[in-house]
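Shown next, in structure tokens, is the structure this report addresses.
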Amino acid sequence: MTLQLFDTYERKVRTFEPLKSGEVGIYACGPTVYNFAHIGNLRTYLFEDLLKRVLIGNGYRVNHVVNITDVGHLTSDADTGEDKMELGSKRTGMTAWELATFYTEAFQKDLERLNVRSPDIWCKATDHIQEQIDFVSDLESKGFTYCTSDGVYFDSRKLNNYGYLARLDIDGLQAGARVNQGERRFVTDFALWKFSPEDEQRQMEWDSPWGKGFPGWHIECSAMSAKYLGDFFDIHCGGEDHIPIHHTNEIAQTEASRGSRLANFWMHGYFLQMDNAKMAKSSGEFLTLDVLIERGFTPFDYRYFCFTAHYRSQMSFSWKSLEAAQTALSRLYEAFASWGQAGDASEEYLARFHEFLNDDLNMPRALAVIWELVRSDEPDEVKKATLLVCDEVLGLDLADWEPEEVIVPDEVLRLAEDREGARQAKDWAKADALRDEISSLGFAVEDTREGPVVTKS
RNA sequence: GGACGGGUAGCCAAGUGGUUAGGCAUCGGUUUGCAAAACCGCGUACACGGGUUCGAGUCCCGUCCCGUCCUCCA
């Protein structure tokens, strides 16, 4: 089966064909590094990792580019708002540059722990100021820009299909519904270059032909993707929130400058919902991977959790559903570990597994195939070999899993030995009393064929 | 308010016209001195009201609710 992917631009699933034979260029929008990534952010990167692994599984060489937005953009009011990096700098006492480095590293560490394959290229907005200035200059020479007192703006009405990606109903947009329009001429116009405020020293600012300032948010992606992947590349990814503004504007810039719609496929990961509410990084209230780990979950538990829903569906987060994923995954690990040596993989199960993944990355269905295999009558060595192949896409590191080492205090060990003695003597009352005592110390004793085993309870 | 996208059994979640998706939990069973763990078995649910059709969770209309965007956001 050929690879089918949903393209937001066409609003349909269509057959993926690379622009260059055997090679796929992917650009994925990365984070603004003013705070830790929350688990909702991370869901999108897990989707992109799945996409990449499926492409590789289909035999493509993937060139994967992720940007780091390390220059601030406005937080609120278009004219006077502080930007997120400056704000983060005040909050933490770090300079904006230190802040960027700190949160970039934290983000990369999260991805590594989630077993997300590292991109081929990480690119920072601040390392590509000249490319962005050149891009804006080109737009200016083609007549798509105008200046106001606070910046250089893109004149969106010069494009006749502005907003096609999001199917924007331009007339229905409420200008100023949520933000002051400033001197923008039209509701969908956006900043390409912003001037530094006269009365304030910014930490991050650069000279430009239009005056000292900093680049607009959208221009970095058009400029950097063009540099690393060309003017028209295979797949551009990001979160669903990027469809109406960020990606719409990226397309507008690139169409105006290069005449292409930037990417052949536009793919979007959908939000993780928290109690039916959006998990917002800007609100400061959010769950991080570290919090999950503190609560006894592993990054793989979260990885598996995300796989239980399709990337194009919003997903509800709850501790209960994360626990369900944890239980399922540990059963998968234990089953895998119990199977001994791997033999030959089942072509039939592999085919079905890959067929679902090639159907717009339907991981929930692919996982159903995994469970069908696990609970089938196939010989253990076949199950093991098959899952080993599937794990190249799953990325759960099934072969590396080991039961958690439990450090049992001597006192508990002694109690367990006493209990075993009582059991041998068939003194059940004493054995049960000792088990209760062990339990009160936070441990559980399980009687297996190989004798009693003490675990954390 | 508008555009776009959703509402599936206790929970998470696949599925777009007609044959049980799957996982977790509950319950029953195997096992165990009893447990635990593990394994096996077990669920006809599709927001609500109309309509189309031989047949609808799946298509159409209306209503209610949720999300995305119209500030920065994965």
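Chain A is the first sequence line, chain B the second, and so forth, proteins listed ahead of strands; every chain is numbered from 1.
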Here's a test of your reading of the structure: between A:Ala429 and A:Glu240, which maps to the more 5' nucleotide of RNA chain B?
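Nearest nucleotide further toward 5': that of A:Ala429.
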Between [X] and [Y], is there a donor-acceptor pair closer than 3.5 Å when you use the side chain of the first and the backbone of the second?
X	Y	result
A:Ser225	A:Cys221	yes
A:His246	A:Cys29	no
A:Asp189	A:Arg184	no
A:Tyr333	A:Leu396	yes

How would you label the contact of [X] with the nucleic acid (heavy atoms, under 4.0 Å): base, sugar-phosphate, or nothing?
X	result
A:Ser313	sugar-phosphate
A:Tyr45	sugar-phosphate
A:Asn362	sugar-phosphate
A:His246	nothing
A:Gly238	sugar-phosphate

From the options A:Phe135, A:Phe190, A:Phe186, select the one residue that forms a ring pair (Phe, Tyr, Trp, His ring centres under 6.0 Å) with A:Phe154.
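Going through A:Phe135, A:Phe190, A:Phe186 one by one, the ring pair (Phe, Tyr, Trp, His ring centres under 6.0 Å) with A:Phe154 is satisfied by A:Phe190 alone.
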Rounding to an integer number of angstrom, what distance separates [N] and [M] when you compare their [atom1] atoms?
N	M	atom1	answer
B:C69	B:U52	C1'	34 Å
B:C46	B:G15	C1'	11 Å
B:C12	B:G67	P	15 Å
B:A36	B:A45	C1'	33 Å
B:G43	B:G49	C1'	27 Å
B:A13	B:A3	C1'	28 Å
B:U44	B:U19	P	15 Å
B:U26	B:C66	P	32 Å

Please write out each protein N/O paired with an N/O of nucleotides 5-8 of chain B under 3.5 Å, distance rounded to 0.1 Å.
none

Separation of [N] [atom2] from [X] [atom1] (nearest whole Å):
X	N	atom1	atom2	result
A:Leu111	B:A74	CG	C1'	12 Å
A:Tyr333	B:A38	OH	C1'	19 Å
A:Lys12	B:C4	NZ	C1'	18 Å
A:Ile243	B:U68	CD1	P	12 Å
A:Asn35	B:C72	CG	C1'	13 Å
A:Glu220	B:C72	CD	P	13 Å

Side chain of A:Arg419 only, heavy atoms from C-beta on: which candidate in B:A36, B:G67, B:C34 is closest?
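The listed nucleotide nearest to A:Arg419's side chain is B:C34.
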From B:A36, B:A13, B:A74, nucleotide with atom closest to A:Ala309 side chain
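In terms of side-chain proximity for A:Ala309, the closest of B:A36, B:A13, B:A74 is B:A13.
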Tell me whether the centres of the aromatic rings in A:Phe195 and A:Trp193 are closer together than 6.0 Å.
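No, too far apart.
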Applying a 3.5 Å limit to both distances, which nucleotide forms a Watson-Crick or G-U wobble pair with [N]?
N	answer
B:G1	B:C70
B:C27	B:G41
B:C64	B:G7

Inspect the contact between [Y] and [X] and indicate whether a charged nitrogen and a carboxylate oxygen are less than 4.0 angstrom apart.
X	Y	result
A:Arg312	A:Glu240	no
A:Arg435	A:Asp432	yes
A:Lys384	A:Asp391	no
A:Asp447	A:Arg419	yes
A:Lys430	A:Glu437	no
A:Asp49	A:Arg303	yes

Please confirm whether any donor atom in the side chain of A:Arg435 sits under 3.5 Å from an acceptor in the base of B:A36, or the reverse.
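Side chain to base: no pair present.
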Quick test: give all pairs of protein nitrogen or oxygen and nucleotides 59-61 of chain B nitrogen or oxygen below 3.5 Å, distance rounded to 0.1 Å.
none

Pick out the pairs of N or O atoms, protein on one side and nucleotides 21-25 of chain B on the other, that lie under 3.5 Å.
residue, atom, partner, partner atom, Å
B:G23, OP1, A:Arg375, NH1, 2.6
B:C24, OP1, A:Arg331, NH1, 2.7
B:A25, OP2, A:Arg331, NH1, 3.3

Is NZ or CZ of A:Arg202 both nearer than 6.0 Å to the six-membered ring centre of A:Phe214 and within 45° of the ring axis?
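That pair qualifies as a cation-pi contact.
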At their closest point, which heavy atom of A:Lys124 faces which heavy atom of A:His128, and how far apart are they?
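Closest approach of A:Lys124 to A:His128: O-ND1, 2.7 Å.
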